[in-house]
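Since the model is a prediction, treat every value here as computed from it, not as a measurement.
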Amino acid sequence: CLVCNAGVLLNERTETAEGHEVTFATHLLCGSYLLPRLALPLLRKAADPRVVFVSSGGMYNTRWPGGERGSCSAGQPYNGQLAYAYAKRGQVL
């Protein structure tokens with residue numbers, strides 16, 4: 001069983017070496033996508049393979065922006081709590 005429970009909440013916008021915003025990269029790119037894909041060969045060998053994604057009540061701190069990107073858009077002041085809420089909500093969509 002693989003439990004994906006990675007998370008980060010930063011006060012300042014930070015980017016990975018690849019140029020991705022760290023909250024998005026931690027929660028979605030790496031934690032929900034890349035890690036399970038890398039573990040897939042081992043999971044396939046397991047008797048009862050499972051991947052469990054853990055989110056947080058922090059996703060309820062704001063509504064999902066829909067077509068709007070809210071204050072996480074480029075050029076807007078960075079809001080770490082909003083970025084965290086969007087990333088956690090994105091994990092369950």
Side-chain angles (χ1 to χ4, degrees):
C1 179
L2 173 64
V3 178
C4 297
N5 189 29
V8 63
L9 194 162
L10 302 172
N11 292 323
E12 295 181 13
R13 181 180 173 86
T14 307
E15 294 185 355
T16 65
E18 298 80 14
H20 302 292
E21 193 271 326
V22 168
T23 303
F24 173 76
T26 303
H27 294 255
L28 299 168
L29 292 180
C30 297
S32 296
Y33 176 74
L34 184 59
L35 182 61
R37 283 195 55 104
L38 293 174
L40 199 53
L42 292 174
L43 288 167
R44 286 188 173 138
K45 293 178 183 179
D48 189 21
R50 296 172 190 263
V51 177
V52 178
F53 296 96
V54 178
S55 189
S56 137
M59 72 180 197
Y60 297 112
N61 289 341
T62 188
R63 292 175 18 147
W64 183 252
E68 301 171 13
R69 297 179 79 192
S71 67
C72 288
S73 299
Q76 298 290 324
Y78 183 76
N79 181 329
Q81 290 184 356
L82 193 60
Y84 179 87
Y86 286 173
K88 284 301 186 182
R89 182 69 60 105
Q91 285 181 308
V92 298
L93 289 179

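In this structure a side-chain-to-backbone donor-acceptor pair under 3.5 Å is present from S55 to K88.
Applying the salt bridge (Lys or Arg N to Asp or Glu O under 4.0 Å) test to pairs two or more places apart or on separate chains, those with a residue in residues 14-36 are R13-E15. The ring-ring contact (aromatic ring centres under 6.0 Å, His included) analysis of residues 5-25, with sequence neighbours excluded, yields no pairs.
Contact annotation: the side chain of V52 never approaches that of C4 to less than 4.5 Å [non-hydrogen atoms, C-beta and beyond].
Note on L10 and L28: separate hydrophobic clusters, where clusters join Ile, Leu, Val, Met, Phe, Trp and Tyr whose side-chain heavy atoms are under 4.5 Å apart, directly or indirectly. No path of Ile, Leu, Val, Met, Phe, Trp and Tyr side chains, each step under 4.5 Å between heavy atoms, connects L29 with L35, placing them in separate hydrophobic clusters.
For P36 against C30, the heavy-atom pair with the smallest separation is CD-O, 4.2 Å. Residues P49 and L43 share a closest heavy-atom pair of CB-O, 3.0 Å.
The line from CG of L82 to CG of L9 is 10.5 Å long, rounded to the nearest 0.5 Å. L42 contributes atom CG, which lies 10.0 Å from atom CG of L2 (distance to the nearest 0.5 angstrom). Summarising the geometry, atom CG belonging to N79 is positioned 9.5 Å from atom CG belonging to N11; distances are rounded to the nearest 0.5 Å. To the nearest 0.5 Å, atom NZ of residue K45 and atom CG of residue L40 are 11.5 Å apart.
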Please walk me through it: do T23 and Y78 pass side-chain contact (heavy atoms from CB on, under 4.5 Å)? CA-CA 11 Å; T23 303; Y78 183 76; 3.3 Å; yes
Please determine whether ring pair (Phe, Tyr, Trp, His ring centres under 6.0 Å) holds for the pair Y86 and H27, giving the CA-CA distance in whole Å, both sets of side-chain angles, and the decisive distance to 0.1 Å. CA-CA 10 Å; Y86 286 173; H27 294 255; over 10 Å; no
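Residues forming a side chain to side chain donor-acceptor pair (under 3.5 Å) with R50 (at least two apart in sequence, or on another chain): D48.
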